[in-house]
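Just below is one structure, and these are the notes that go with it.
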Amino acid sequence: MGPFTEPFLAGYICAVLMGGASEVRTDIALRDDAGYIRGDCVTDTHYIEIGFDNTASARDSIVQAVSGAVLRDLEPMVIVIDRDGVEDTHQWELEVTAARADVDFQVVQLNQVLRLVMSHHFRMIRAGQAGG
């Protein structure tokens, strides 16, 4: 897939489709411990985690979305980038867990995101916003 890695696509989805800020740090301060989480996307209303389908690590998305949303007083959301058009078991687990936990859940097709990425420059020219 070349330069179109999960972090690149997540940043693009965040900025262009969701209108948010990507890789936002949220501190966790407990009485006996401290740390932070880094959200894939934070908007005025949602704390969003974005990841590829068919990955066991995607399960962490629910936990991080809910934790970040609680800390920032936002709604949690998970977005899955579907690379093969098949609802695999990991994607199904995310969907049913999100529904049960009242977490917004979306699936975006990889090809749709790639078309947006590759045509971004031309859309900016048309809108008169391209730098040069």
How many angstroms lie between atom [atom1] of [X] and atom [atom2] of [Y], to the nearest 0.5 angstrom?
X: Glu6; Y: Ile50; atom1: CD; atom2: CD1; value: 9.0 Å
X: Ile81; Y: Asn111; atom1: CD1; atom2: CG; value: 12.0 Å
X: Leu74; Y: Asp44; atom1: CG; atom2: CG; value: 8.5 Å
X: Cys41; Y: Leu17; atom1: SG; atom2: CG; value: 9.5 Å

Is a side-chain donor or acceptor of [X] paired with a backbone partner of [Y] at a separation under 3.5 angstrom?
X: Arg83; Y: Phe52; result: no
X: Thr97; Y: Leu94; result: no
X: Tyr12; Y: Leu114; result: no
X: Asp82; Y: Gln109; result: no
X: Asp88; Y: Asn54; result: yes

Same apolar cluster: [X] and [Y], side chain cutoff 4.5 Å:
X: Leu110; Y: Val86; answer: no
X: Val107; Y: Val103; answer: yes
X: Val63; Y: Ile37; answer: no
X: Ile79; Y: Ile62; answer: no
X: Leu30; Y: Val70; answer: no

Check: [Y] and [X] side chains under 4.5 Å, non-hydrogen atoms:
X: Met77; Y: Glu49; result: no
X: Ile48; Y: Asp40; result: no
X: Gln106; Y: Val80; result: no
X: Val78; Y: Phe105; result: yes
X: Met18; Y: Ile13; result: yes

Original post:
Do we see a donor-acceptor contact under 3.5 Å between the side chains of Arg72 and Thr26?
Top reply: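 On atom types as modelled, these side chains qualify, holding a pair under 3.5 Å.
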
**OP:** Scan side-chain atoms only and decide if Asp104 and His46 contain a donor-acceptor pair under the 3.5 Å cut-off.
**Re:**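 Side-chain D/A pair, Asp104 to His46: present.
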
Original post:
If every non-hydrogen atom of Ser22 is compared with every non-hydrogen atom of Gly11, which pair is closest and at what distance?
Top reply: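 For Ser22 versus Gly11, the nearest heavy atoms are CB-CA, 4.1 Å.
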
Subject >> Contact summary for Pro76 and Ala65, nearest pair of heavy atoms >> reply: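 Minimum heavy-atom separation between Pro76 and Ala65: CB-O, 3.5 Å.
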
Subject >> Over 12 foreign heavy atoms within 6.0 Å of CG, Asp27 >> reply: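 Atom CG in Asp27 is packed in, count exceeds 12.
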
**OP:** Mark yes when over 12 heavy atoms from residues, nucleotides or ligands other than Arg25 sit less than 6.0 Å from its CZ; otherwise mark no.
**Re:**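 Result for CZ/Arg25: enclosed.
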
